[in-house]
Amino acid sequence: MHNVVQEAQALQEELVTIRRYLHVHPEIDMELPQTVAFVKGKLEEMGYEPKVVGPSGLSVMVGGKNPGKCFLIRADMDALPISEAADDGCRSTNGCMHACGHDFHTTMLLGAAKLLKAHEDAIQGSVKLMFQPGEETIHGAKSMVEHGILDNPPVDAAAMFHVAVGMPFPSGTILVPGGGAYSSASDHFEVTIQGKGGHGAMPEHCVDPLLVASHLYLALQTIISREIAPADTGVISIGIIKAGEANNIIPDTAYMKGTIRTYDPEVREFILERVKAVSTGTAETFRAKADPHIIEGCPAVVIDDQVAADIRATLAAAFGKAVINPTELGMPRFGGSEDFSFITQQVPSVMMMLSVGSPDEGYPYSMHHPKAIFNETVLSQGAAAYAMAAMGWLAKNH
Ligand SMILES: [Zn+2]
Ligand SMILES: [Zn+2]
């Protein structure tokens with residue numbers, strides 16, 4: 001498959017042009033009209049007939065000339081509501097930014113589409129390409145699963161790449177983790193605390209919701225420190241506390257909102273229940289009422305060890321020492337969340353990372369930073385890696 005790498009290199013300039021178009025036209029969440037029209041057009045130029053799968057989702061099939069299984073490769077296409085401050089010559093000006101590198105993922109998967117089309121006769125089975133919206137808002141993958149992305153033909157295994165920037169890996173490093181939970185489940189919660197407002201000099205006539213919020217802020221952390229085993233992990237972070245207008249008025253209500261990250265489904269369920277119980281209990285202790293709501297996000301990405309091992313071997317044959325297993329380096333987990341987890345719940349899958357710039361190389365900012373810049377020279381490698389992951393797995397699992 002070495003010629004796939006060379007063929008991808010020949011596409012490098014074209015991939016840069018595609019990536020820059022996507023980068024200066026970022027769109028967010030579940031409505032990506034310009035992005036979808038652009039991607040659809042590119043796929044049609046290659047001879048595909050893209051299928052619409054749910055709002056702003058696209059899929060195409062390639063292969064099927066030889067018997068075999070169906071392997072899915074996925075890219076997300078959405079950006080973030082961040083005003084771009086990067087100075088890399090293709091800054092977006094519409095108030096949104098591809099700060100998470102999803103423009104890279106889309107470009108790389110388009111490159112893979114072209115490479116796979118050129119090798120269609122050699123594919124042992126078929127490859128399904130998934131272009132999804134709404135990853136940042138955790139709606140896209142779930143919506144595409146509900147609209148049948150894993151059916152007709154049924155998908156046997158799946159893979160995805162996420163770029164990594166500002167991390168201590170040289171450009172072109174490919175991380176293929178071992179089996180188990182890799183990215184965390186992500187859920188949110190909000191609590192409205194109903195007290196009784198009044199004069200700041202007469203607290204005896206009031207129920208102070210700010211006092212409750214203060215106790216609750218600390219009490220929620222004790223779920224992590226005192227109620228789950230040291231071997232289990234979880235994070236509760238409260239990002240918003242709002243209450244009050246004036247220094248001498250006790251407000252009526254206080255509002256808190258936070259995020260919960262876990263790796264184990266049982267720990268996840270336990271923490272979600274305890275956040276509700278600790279909220280209502282703490283409020284009752286101080287004569288207030290709490291109304292906690294859990295907004296479920298996505299589960300943890302769980303990697304299939306065998307799919308990961310198969311693809312790691314294929315990619316190592318092409319890219320040598322650039323392919324590493326972070327689990328063996330003592331980095332079995334990735335701190336963020338990924339809605340690809342809705343795919344990993346259904347079929348054996350792997351989530352991989354591709355470094356597109358380290359601080360040493362002049363890429364100091366990480367994903368989601370308004371000044372983040374990304375190393376475009378890696379685009380062709382990413383396209384080749386997507387195509388080879390699919391072809392390699394299909395050949396091995398024939
Ligand atoms: Zn992101
Ligand atoms: Zn992302």
Side-chain angles (χ1 to χ4, degrees), residues 19 22-23 25-32 35 39 56-57 73-86 92 95-110 130-144 158-167 169 171 173-177 181-188 235 237 239 259-261 295 297-301 303 326 333-344 349-357 363-376 378-379 382 385-386:
R19 185 262 164 169
L22 292 167
H23 195 79
H25 298 93
E27 295 175 300
I28 60 167
D29 202 5
M30 292 295 284
E31 276 188 47
L32 318 173
T35 308
V39 171
S56 290
I73 40 181
R74 170 273 210 172
D76 39 17
M77 305 186 285
D78 59 317
L80 284 155
I82 294 175
S83 208
E84 179 157 6
S92 98
C96 299
M97 177 185 178
H98 269 295
C100 203
H102 298 185
D103 52 342
F104 265 63
H105 307 159
T106 305
T107 305
M108 284 153 41
L109 200 62
L110 282 171
M130 169 182 177
F131 294 88
Q132 78 157 76
E135 194 288 320
E136 295 292 352
T137 52
I138 318 183
H139 295 124
K142 192 165 186 246
S143 154
M144 288 189 76
M160 63 155 280
F161 274 103
H162 202 297
V163 294
V165 71
M167 294 180 190
F169 299 106
S171 292
T173 305
I174 295 175
L175 305 180
V176 189
Y182 187 52
S183 76
S184 64
S186 170
D187 301 293
H188 308 296
V235 172
S237 288
T259 188
I260 301 164
R261 305 296 170 108
I295 302 119
C298 65
V301 163
I303 288 175
R333 286 171 175 175
F334 168 69
S337 300
E338 238 305 332
D339 78 349
F340 185 67
S341 53
F342 289 108
I343 306 285
T344 76
S349 313
V350 61
M351 168 180 173
M352 299 175 281
M353 308 287 289
L354 171 66
S355 174
V356 293
Y363 300 89
Y365 302 105
S366 68
M367 290 91 79
H368 289 213
H369 194 286
K371 288 187 174 173
I373 50 169
F374 305 77
N375 184 353
E376 290 174 331
V378 184
L379 283 169
Y386 258 126

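On a predicted model such as this, the values are computed, not experimentally measured, just so you know. Each ligand, and each atom within it, is numbered from 1 in the order the structure gives. All values below were derived from every heavy atom in this structure, side-chain atoms included, with hydrogens, water molecules and symmetry-related copies excluded.
- Here His105 fails the criterion, with no N, O or S atom under 2.8 Å of the Zn ion (ligand 2).
- No side-chain donor-acceptor contact under 3.5 Å links Glu338 and Ser183.
- For a distance bound of 2.8 Å, the N, O or S atoms of Glu136 include one lying that close to the Zn ion (ligand 1).
- The backbone N or O of Arg74 lies less than 3.5 Å from a partner atom in the side chain of Tyr386, making a donor-acceptor pair.
- Taking 2.8 Å as the threshold, His102 does not count as a candidate ligand of the Zn ion (ligand 1), since none of its N, O or S atoms lies below it.
- None of Asn375, Val165, Thr173 except one satisfies the side chain to side chain contact (heavy atoms under 4.5 Å, CB included) rule with Ser355; the exception is Thr173.
- When rounded to 10 degrees, the angle formed at the Zn ion (ligand 2) by SG (Cys100) and NE2 (His162) equals 100°.
- In this structure, the separation between NZ on Lys142 and CG on Asp339 is 10.5 Å, given to the nearest 0.5 Å.
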